[in-house]
Amino acid sequence: MKLEQMYQEIILDHYRQPHGAGLREPYDAETHHINPTCGDEVTLRVKLGDDPAHPTVQDVSYESLGCSISQASTSVLTDLVVGKSVEEAFRILESFQEMAQSRGKVPGDEEIIGDGIAFAGVSKYPARVKCALLGWMAFKDAVARVKEEA
Amino acid sequence: MTTLQTPTAGLDVASIRDDFPILSRTVREGRPLVYLDSGATSQRPRQVLDAERAFLETHNAAVHRGAHQLAEEATDDYEAARSKIAVFTGAEPEELVFTKNATEGINLVAYAMGNSSIRTGLAPESERFAVGPGDEIVVTELEHHANLVPWQELCRRTGATLRWYSVTEDGRIDLDSLELTERVKVVAFAHQSNVLGSIAPVEELVRRAQAVGALTVLDACQSVPHMPVNLTELGVDFAAFSGHKMLGPSGVGVLFGRTELLDAMPPFITGGSMIEMVRMEGSTYAPPPQRFEAGVPMTSQAVGLGAAVDYLSAIGMDTVFAHERELTKVALDTLREVEGVRIIGPDSLEQRGGAVSFVVDGVHAHDVGQVLDDRGIAVRVGHHCAWPLHRRFGIAATVRASFHVYTTVEEVAQLADGVRAAREFFGVA
Ligand SMILES: Cc1ncc(COP(=O)(O)O)c(C=O)c1O
């Protein structure tokens with residue numbers, strides 16, 4: 001019963017067929033994030049658009065080793081942020097993160113985070129929140145690195 | 001569900017379970033708790049909880065300080081606990097130092113060696129603990145981080161080199177993988193792996209270490225709680241274990257060191273209670289074990305650990321081991337039947353205790369754990385603080401079931417059913 005709440009069909013779909021998986025060229029920054037409690041890993045690359053005045057997310061590519069939650073949430077991330085402005089991508093990230101860390105109190109705004117609301121159930125399991133955020137934090141870090149280097 | 005009789009002769013698990021209040025609770029919407037995570041921490045019987053409470057309600061005072069009646073009684077209780085643990089582990093009371101946990105015990109040795117290596121203002125007898133460039137510290141690839149990172153740090157501080165025995169495909173220390181030389185100063189290894197369940201060939205490793213004059217440090221965290229252990233007979237120089245894994249309280253552990261070695265070893269943590277004489281210019285230190293117990297120590301926890309030792313002794317550690325062996329057999333036999341399950345560690349009962357780790361093809365350990373949790377079954381998932389060991393097997397995470405004297409055959413048999421359910425749920429069945 002609870003299990004189905006956590007592993008919504010959307011999550012299982014993304015897990016079985018992850019979107020945007022694989023590492024691609026060209027890219028501006030690459031990050032490697034690990035979840036030290038379970039050893040799950042993600043290597044993630046971002047390529048931003050060429051106009052520094054209006055930075056956009058051109059591509060997010062990744063390779064990951066982890067549970068269904070971390071794999072699916074990285075897949076959802078690519079759907080949500082690729083093609084958006086960096087500013088919009090960060091707004092989505094904050095909204096997703098707020099929901100994920102809310103211990104089930106914030107249902108998530110489908111307008112902003114789309115398929116991401118499927119992870120609302122995960123937020124009730126504190127041990128799994130890090131899994132849901134692994135790819136997202138790698139993305140945040142990668143964008144920060146591009147900016148630092150610029 | 002598979003139904004099996006509880007076969008361990010002479011052990012009345014049902015009445016043992018009555019001593020553990022937590023085992024009767026439910027989890028996740030009313031499911032009976034099936035606690036298969038005793039390797040991480042064990043549950044505590046009423047006898048332990050009562051002993052702690054009784055101490056606090058009647059004798060509590062700072063031990064080894066003050067001359068009032070309560071201080072005397074508290075000190076007696078604290079030292080009585082040490083004596084009980086000494087009998088339980090085949091040691092002398094002065095050979096046992098109370099620590100916070102095994103991690104602190106191992107760090108105590110590593111830091112005392114680091115202090116010895118600085119070589120300023122120390123008595124000549126501390127020289128035997130000194131290490132430096134050219135010296136080697138030897139561990140194994142299956143160690144818990146608690147028996148690895150402190151040695152990495154000692155090497156970093158002193159310039160010594162860390163080396164290790166590798167692990168065979170079936171989860172044993174590969175004795176052919178390393179040749180010890182005179183350069184080796186310490187050989188540190190786990191008595192029983194917390195992941196694989198394999199029991200180390202202690203006698204052989206001690207023999208090899210002694211042949212080159214190296215000290216041995218035994219991580220006894222997963223042995224002392226689960227089998228009869230006589231530290232003197234094993235011949236190790238140091239050993240560490242934690243109270244919370246042997247039905248005792250958290251916040252208390254024990255470091256064993258042979259008298260002759262503790263006598264010669266400089267302190268790690270310094271301050272009150274560990275001194276002999278203090279002047280502004282410098283101080284001298286109390287004999288062991290006080291030298292290694294600076295500050296007001298844990299007291300009700302030590303008393304609780306004494307009660308845990310009484311509880312285990314009344315059952316008998318041979319019986320505890322036999323019971324867990326039966327549980328391990330059931331776990332291995334039932335898991336082996338499940339398609340896609342790979343046991344990480346020995347798939348036999350030979351030199352093996354009760355930690356059963358496995359992976360499930362196509363379902364990540366976290367996801368298996370979640371399905372089990374949904375059924376009320378508590379297991380550990382992840383690398384269990386043995387990351388290099390998992391890397392050795394090319395995996396990021398395993399599911400681990402571990403037991404204690406209160407675990408029933410019926411509980412263990414539920415594991416395989418849960419794994420089948422996980423395969424079904426994730427569509428790999
Ligand atoms: C083999 C082994 N060594 C060391 C430890 C560390 O014990 P503690 O965390 O109680 O210090 C553990 C427990 O997790 C263990 O299983």
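Source: prediction; values computed, not measured.
Residues of residues 9-16 of chain A placed with any heavy atom under 4.5 Å of a heavy atom in chain B are listed by number as A:L12, A:Y15, A:R16. The contact list for residues 140-147 of chain B toward chain A, using heavy atoms and a distance under 4.5 Å, is empty. For a heavy-atom cut-off of 4.5 Å, chain B lies close to no residue in residues 90-124 of chain A.
Of the listed residues (B:I395, B:T398, B:V371), the one with the most heavy-atom contacts under 4.5 Å to chain A is B:V371. Interface remark: of the candidates B:A365, B:G427, B:A396, B:A396 forms the most heavy-atom pairs closer than 4.5 Å to chain A.
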Kindly indicate, with the supporting measurements, whether the criterion side-chain contact (heavy atoms from CB on, under 4.5 Å) is fulfilled by B:H364 and A:D40. CA-CA 10 Å; B:H364 190 277; A:D40 287 354; 2.9 Å; yes
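The nearest pair of heavy atoms linking B:A397 to A:C38 is CB-O, 3.8 Å. Considering every non-hydrogen atom in both B:D367 and A:Y7, the closest pair reads OD1-OH, 2.8 Å. Minimum heavy-atom separation, A:L3 to B:Q370: CD1-O, 3.8 Å. Between A:C67 and B:H366, the shortest heavy-atom contact is CB-CB, 3.6 Å.
In this structure, a donor-acceptor pair under 3.5 Å is absent between the side chains of B:D373 and A:Y125.
The environment of B:Q152 atom CD is dense: over 12 non-hydrogen atoms of other residues, nucleotides or ligands sit within 6.0 angstrom.
The closest donor-acceptor contact from the side chain of B:H390 to the backbone of A:G39 lies at 3.5 Å or more, if one exists at all.
Proximity to chain A (any heavy atom under 4.5 Å) is shown, for B:V368, by neither the backbone nor the side chain. Within the 4.5 angstrom heavy-atom criterion, only backbone atoms of A:T37 (N, CA, C, O) approach chain B.
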Can you list, pair by pair, the side-chain donor-acceptor contacts under 3.5 Å of residues 135-148 of chain A, counting residues two or more places apart and other chains?
unit_1 : atom_1 : unit_2 : atom_2 : d
A:W136 : NE1    : A:S73  : O      : 3.2
A:D141 : OD2    : A:H33  : NE2    : 2.8
A:R145 : NH1    : A:E30  : O      : 3.3

